[in-house]
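These notes are about the structure you will find just below.
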Amino acid sequence: MSPVDRVPVLRGRGEEERALRRLLDGATTGSGGALVLAGPPGMGKTALLDLAAAHASPGFRVLRVSGVEPESRLPYSGLHALLHPIAAAARLPDAQAGALAAALESGAAGGGLALPAAVLGLLSAVAAERPVLACVDDADLLDPASREVLSFAARRLSGAPVVLLFAARSPGRDLAGLPVRVLEGLDAAAVREVAGDLAPGKVAEDLLAAVDQIARGNPLALAELIGALTPDQLAGLAAPPVAPPRDGRLWRAHADRLAALPARTRRLLLLVAADPGVEAETLIRAARPACALTALEPAEHAGLLRCADDRYDFPDPAVRAVAYHSASLLHRRQAHRLLAHLLESRGRDGRTGRRLRWAWHRAWALDGDPARLAGELAEAALGARQAGGHPEPYLALAKAAELTPHDDPAKAERLAAAARHAWVAGRPQAARSLLAGLRSLTTAPDGLRGRVQLLHGSLELLGGETRSAREELLSAAAWLLESHRMLGVRALVRAADASYRAGDNRAFLAIARQAAALRRPDETVATQLMFEYLAGMAFTFSGSHREAAGPLRRVVELAGSVRDPAVLVWACVASMLLGEDDTAHRLSARAVEAARLRGAASAVPQLLEYTIYPEIWMGRYPSVAATAAQGLSLARETGQLNTAAQHLAWLAITAAVEGDQETCRIRADAAIDLAEAHGLGVAGAVATWALSYLDLAAGRPADAANRLRAERRTSSHVVIRVMSTPHFIEACARTGDRERAASALRVLERWVGSTRSPGLRALVARCRALLAPPGEAEELFQEALDLHGQAAYEFEAARTRLLYGSALRRERRPGAARTHLHAALETFERYGARLWTEQARAELRASGEPVRPAPEAAAGELTAQQLQIARMVAEGATNKEVAEQLFLSRRTVEHHLRNVFSRLGIRSRVELVRLMS
């Protein structure tokens, strides 16, 4: 095995690894140095020391010591462990040799510089033969005398081939003046890599997100939590873990830190663990007298506790879990009983959040009859309007169900309500495990089955296979339409949405026909809106665009009286199909805001999808990139693979616009893989459209035409087909396939003719111009530009100018061509659209005009993508981590970062951190 094979792989620690390599490289040329790796237990400090030792082998002499509690009171015990192997390897001046011998043999040394100088001299002498790497792990537990001497030597290594590394929870005063690198939690990309290393393909995204809520990117916590997952947890049938495993290293490390605190401090910490975010006022009343809050100071000084806005909480959720679960059941109940007593006067004042906390603590304290406690807690949880506080409503409802007698029908109701709240809060793993608990119940109220199927189908729609989701939702509708009509209609619309995502128009039309037969004259506003939506979409999918306008218009009108974000989104779609992009964008933003106000985390990623549709039509590609990146991140956190696929596909479109060919392919391929696995016709169609857009931008119109033609043969997704039609017509026109282009134009004209959108009419005019005979194209191009101006669609106007200028050049009118080509070039440069910029420059050169070099952007002017990358890098992300998180290639990140440095007038990441902060 070669030395390279022995180097461990650390995920998400690229910057730290490079820092270690720089120190080692410096030592080989005679100029070493020191570094302190700081961070809480489990962050990978020891692993980084192992990594440094692996990189140093075999060229270095490697020395190691690890501080241990029993020896921390023995002076120079750490120095003895580190230097004993080389103590006789060099001749030192008598005073230094005597001081070193006294320290290593008896733990005694006189004051002054003799001993520190001896240690530095010994390391330098040994390094004369080959460089030295000295690693000091758990420096906090090293005896203070050794730590002081080694830090003295570490500050004086610049002229010696020696590297001295310290790993510590915090640098402390003894290590002052040394370079420090604080290890933060791993980012989302590295967390996924760690999970892939530990359990390839087994940990679902939503389960991993739940695990990381405890781990917070701590590598040891991730390893131990993932290693302890049960088969039921991996299958989504049991709730995610709530604490690190008791037999793990991390539990022991946190338990030891907590045990070292005074008993009075631990008693107050248990209250904070039982009620995270507890007010200082409540703790003061619990502590008595008020000055007793000073008992919390040892925990704050140790970094275990923080106070913000007069509220106390644990910075590390794993520490909170250990503080709570390591206490005895009796002590935990006593803590809950005390908190319930302290909150009682406010818990009865009618405020739902306070009432929920009071009922929660009473339930956990078992302070009364369990059935009555369950009723109080369920009532308080159902009255809480928003998730995100403590306790979250779904947890309270689950606890209420646990306390409810097994033969009480309310138990099933409460479990189902807990599952619904968990899903709404973006906890699909918890929702599935709660639904699994319903199977063991023999008593359940009539009508519950339909609601449970609706929830099952909704979970499947966002993260499973679309055909399975549609069947589950149709079954739910059959149960609900009579007993819970609003929910029954919602189930039908979601079943139709499953068909839409699959690109299955026949199934959609069948559901729409079923819905039309169910309509009544006395429907609620929200139900009317959903019926009109299905009718309008059915006409659209049948190609009857004029007939679709009426019901779609009624959908938009009814939206003014609706607040439910899940219903508002259909009004957004209706507006888009009517060609009213501004209205669609406004409605989607309203839906997203409504979801966030309700704490409906599960709805936000899907709602962001519908924000993107009008942005695409309006050519707001920087906004599309930002929205899709946010949607992708949220979709992963909430286990919504189907939504993630859609956002990946939109991100592929933005990469195509920017001309980033490698990134476009990475994103499109990832979206297509998910689409094929989950039956997502729409995501696959958008990803294919992105690749054809890239072909068109790169001057490969034949490839673009072939790709879109193949997609049209295999996919029946009408909306994406229409959206990509202008590109298909352009590709066909540029390759001489005028018959297919004319046929596609007729379809586009039918839809656009049913709208009042100047932006859409501009695209039709441009397509007509591309197919017009000589002498007629100029008027159509000019009409398109006039309409683009009315719609303020700048990017599409530039695309039209490029095509117009190219046509004028071919007609031997170079002067007129240059006017449009220059305007197009200016817009493309501003958008960072590299391939379109190259096309405009090539056309200008062909018109006989020398093309100036690309102008430098104004200082401080960053594109949306560059700004996002700059922020991530300023927060410490490596190029690799940025690439993985944003689905970019590393080469693209490096390209963007060079442009960021140039535009901001800076030279280093350090300057970027200062500027961004």
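Position 1 is the first residue of the sequence, and the numbers go up from there. The structure presented is a predicted model; accordingly, all values stated were derived computationally and were not measured.
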Handout entry: Those residues that, when tested against Arg311, pass salt bridge (Lys or Arg N to Asp or Glu O under 4.0 Å) (two or more places apart)
Key = Glu279
Which atoms form the tightest heavy-atom contact between [X] and [Y], and what is the distance?
X      : Y      : value
Ala273 : Tyr324 : CB-CB, 3.8 Å
Leu175 : Ser151 : CD2-CB, 3.8 Å
Leu229 : Pro241 : CD2-CD, 3.7 Å
Tyr76  : Ala145 : CE2-CB, 3.6 Å
Ala168 : Asp140 : CA-OD1, 3.1 Å
Ala56  : Val62  : CB-CG2, 4.2 Å

Is it true that a side-chain atom of [X] and a backbone atom of [Y] form a donor plus acceptor pair closer than 3.5 Å?
X      : Y      : result
Ser146 : Leu79  : yes
Ser57  : Ala53  : no
Arg181 : Leu37  : no
Asp138 : Leu141 : no
Arg246 : Trp251 : no

In Å, rounded to the nearest 0.5 Å, how long is the span from [atom1] of [X] to [atom2] of [Y]?
X      : Y      : atom1 : atom2 : result
Leu296 : Arg306 : CG    : CZ    : 14.5 Å
Leu220 : Arg249 : CG    : CZ    : 5.0 Å
Arg192 : Arg11  : CZ    : CZ    : 12.5 Å
Glu184 : Met43  : CD    : CE    : 7.0 Å
Arg13  : Lys45  : CZ    : NZ    : 9.5 Å
Glu224 : Ile214 : CD    : CD1   : 12.0 Å

Using a 4.5 Å cut-off on heavy atoms from C-beta on, say whether the side chain of [Y] contacts that of [X].
X      : Y      : value
Leu150 : Val119 : yes
Phe152 : Leu113 : yes
Pro41  : Arg257 : yes
Val194 : Pro219 : no
Leu268 : Tyr312 : no
Leu48  : Leu183 : yes
His55  : Leu20  : no
Val900 : Val873 : no

What pairs of donor and acceptor atoms, side-chain ones from residues 86-98 against any protein atom, are under 3.5 angstrom apart with sequence neighbours left out?
none

Exercise for the section: Would you please name every residue forming a side-chain hydrogen bond (donor to acceptor under 3.5 Å, both in side chains) with His84, sequence neighbours left out? Expected result: none
Exercise for the section: Output all residues satisfying side-chain hydrogen bond (donor to acceptor under 3.5 Å, both in side chains) with Thr265, sequence neighbours left out; order by chain, then residue number. Expected result: none
Practice task
Please lay out, stage by stage, how Leu329 and Arg332 fare under the test side chain to side chain contact (heavy atoms under 4.5 Å, CB included).
Solution key: CA-CA 5 Å; Leu329 178 60; Arg332 292 203 300 269; 3.8 Å; yes
Practice task
May I have the step-by-step check of side chain to side chain contact (heavy atoms under 4.5 Å, CB included) for His390 and Asp275, ending in yes or no?
Solution key: CA-CA 7 Å; His390 176 79; Asp275 192 10; 3.3 Å; yes
Practice task
Flag yes if more than 12 heavy atoms outside Glu148 fall under 6.0 Å of its CD atom; otherwise flag no.
Solution key: no
Practice task
Would you indicate whether Leu74, at its atom CG, is surrounded by more than 12 heavy atoms from other residues, nucleotides or ligands within a distance under 6.0 Å?
Solution key: yes
Practice task
Applying side chain to side chain contact (heavy atoms under 4.5 Å, CB included), run through Arg64 and Leu49 and close with a yes or a no.
Solution key: CA-CA 9 Å; Arg64 298 194 70 160; Leu49 295 184; 3.4 Å; yes
Exercise for the section: Evaluate the side chain to side chain contact (heavy atoms under 4.5 Å, CB included) criterion for residues Leu35 and Leu178: first the C-alpha distance (whole Å), next the side-chain angles of each, then the deciding distance (0.1 Å), finally the verdict. Expected result: CA-CA 6 Å; Leu35 180 65; Leu178 297 178; over 6 Å; no
Exercise for the section: Not counting sequence neighbours, list each pair that qualifies as a side chain to side chain donor-acceptor pair (under 3.5 Å) and has a residue in residues 155-176. Expected result: Arg147-Asp174
Handout entry: Positive for side chain to side chain contact (heavy atoms under 4.5 Å, CB included) with Leu222, one of Asp212, Asp197, Leu250
Key = Asp212
Exercise for the section: Check Asp143, Val65, Leu104 against His80 for a side chain to side chain contact (heavy atoms under 4.5 Å, CB included) and give me the one that passes. Expected result: Leu104
List the atom pairs, with distances to 0.1 Å, where a side-chain N or O of residues 120-137 and a protein N or O form a donor-acceptor pair under 3.5 Å, not counting sequence neighbours.
{"residue": "Ser124", "atom": "OG", "partner": "Leu120", "partner atom": "O", "Å": "2.9"}
{"residue": "Arg130", "atom": "NH1", "partner": "Pro58", "partner atom": "O", "Å": "3.3"}
{"residue": "Arg130", "atom": "NH1", "partner": "Phe60", "partner atom": "O", "Å": "3.2"}
{"residue": "Asp137", "atom": "OD1", "partner": "Thr46", "partner atom": "OG1", "Å": "3.3"}
{"residue": "Asp137", "atom": "OD2", "partner": "Thr46", "partner atom": "OG1", "Å": "2.6"}

